[in-house]
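The first residue of the sequence shown is numbered 1, and numbering continues consecutively from there. What's counted below: heavy atoms across the whole structure, side chains too, no hydrogens, waters or symmetry copies. In listed order, ligands and their atoms are each counted from 1.
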Amino acid sequence: MSTPVQKHNELNSLAESLKVHCRVQNLSGRTCFFRNTNQDGAPATEPTDKAALLEDLRTELGECTRCGLSAGRKSIVFGEGNPYARLVFVGEAPGADEDVQGRPFVGKAGQLLTRIIEAIKMGRSEVYIANVIKCRPPSNRDPAEDEIATCIPFLHRQLEIIQPQIICTLGRIAAQALLQTDAGITKLRGRFHRFGSIPVMPTYHPSYLLRTPARKKETWIDVQMIQEALR
Ligand code: URA
Ligand code: URA
């Protein structure tokens with residue numbers, strides 16, 4: 001049984017998601033039945049403690065040996081940020097710096113990701129950042145299919161807990177894994193897809209952008225669509 005306060009909070013949270021849904025529809029060139037106006041005053045307080053739920057999930061992951069990557073890793077990179085984030089970034093897997101520090105996107109690519117987040121007037125502490133794979137693959141090779149299959153349920157549960165209004169995937173691997181598609185990143189980026197009911201914007205991986213700066217324009221377009229949807 002939920003209390004009237006919980007009901008109220010659920011309704012507020014639903015209204016917020018609906019507003020973002022409408023903006024996503026409009027940005028995708030579809031008219032939306034619902035209006036984008038904001039009739040409420042006070043922000044919703046959440047009925048659940050998402051930080052505690054994420055901690056429980058991290059405890060369940062434990063000193064994971066579910067796949068072979070555990071043999072070569074220094075740290076498990078679970079993810080970090082705001083448990084109540086409206087926007088979650090999903091990368092591929094930890095690199096060398098992340099493996100040492102146990103935190104996502106802290107190397108060169110991470111510095112670019114920070115700038116991308118700041119470009120849409122947000123901060124790293126406001127969003128949540130995680131990867132499809134929690135352990136570094138040897139010499140940064142692509143994660144194998146069985147490694148993704150073993151690890152991605154933990155990402156799915158992070159997303160279930162956080163219930164962000166938008167997910168931004170970084171690079172081909174994250175987009176394909178989350179959206180369960182074989183389509184290339186150039187085809188996927190630039191428009192909203194869905195993970196369950198959550199809109200997903202795929203964009204290029206910051207490491208790719210460091211090697212191919214001419215593509216940065218496209219990522220700016222992608223993140224501006226996110227900014228517009230979250231407005
Ligand atoms: N690249 C990723 O995909 N994830 C990280 O955490 C760091 C680099
Ligand atoms: N290939 C990838 O894996 N990611 C990109 O972002 C671009 C090309």
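Residue E92 touches ligand 1 through backbone and side chain together, judged by heavy-atom distances below 4.0 Å. Neither the backbone nor the side chain of S207 has any atom closer than 4.0 Å to an atom of ligand 1 (non-hydrogen atoms only).
One finds a salt bridge joining R73 and E63 here, because a Lys/Arg side-chain nitrogen approaches an Asp/Glu carboxylate oxygen to under 4.0 Å. Between D222 and R215 there is no salt bridge, since none of the side-chain N atoms of the basic residue sits less than 4.0 Å from a carboxylate O of the acidic one.
Checked by atom type, the side-chain pair T114/R124 shows a donor-acceptor distance below 3.5 Å.
By the 4.0 Å heavy-atom criterion, H205 is counted among the residues contacting ligand 1.
For G95, no nitrogen or oxygen atom sits less than 3.5 Å from a nitrogen or oxygen atom of ligand 1, counting backbone and side chain alike. At least one N/O-N/O distance between A93 and ligand 1 falls below 3.5 Å.
Between F105 and H205, the ring centre distance stays below 6.0 Å.
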Go through F89 and T169 one step at a time and tell me if the side-chain contact (heavy atoms from CB on, under 4.5 Å) criterion holds. CA-CA 6 Å; F89 287 90; T169 58; over 6 Å; no
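Residue G91 has at least one heavy-atom neighbour below 4.0 Å for each of these atoms of ligand 1: 3 (O).
Looking only at protein heavy atoms, the nearest one to atom 4 (N) of ligand 1 is N131 OD1, 2.8 Å.
Judged purely by atom type and a 3.5 angstrom limit, E98 uses its side chain to pair as donor or acceptor with the backbone of G107.
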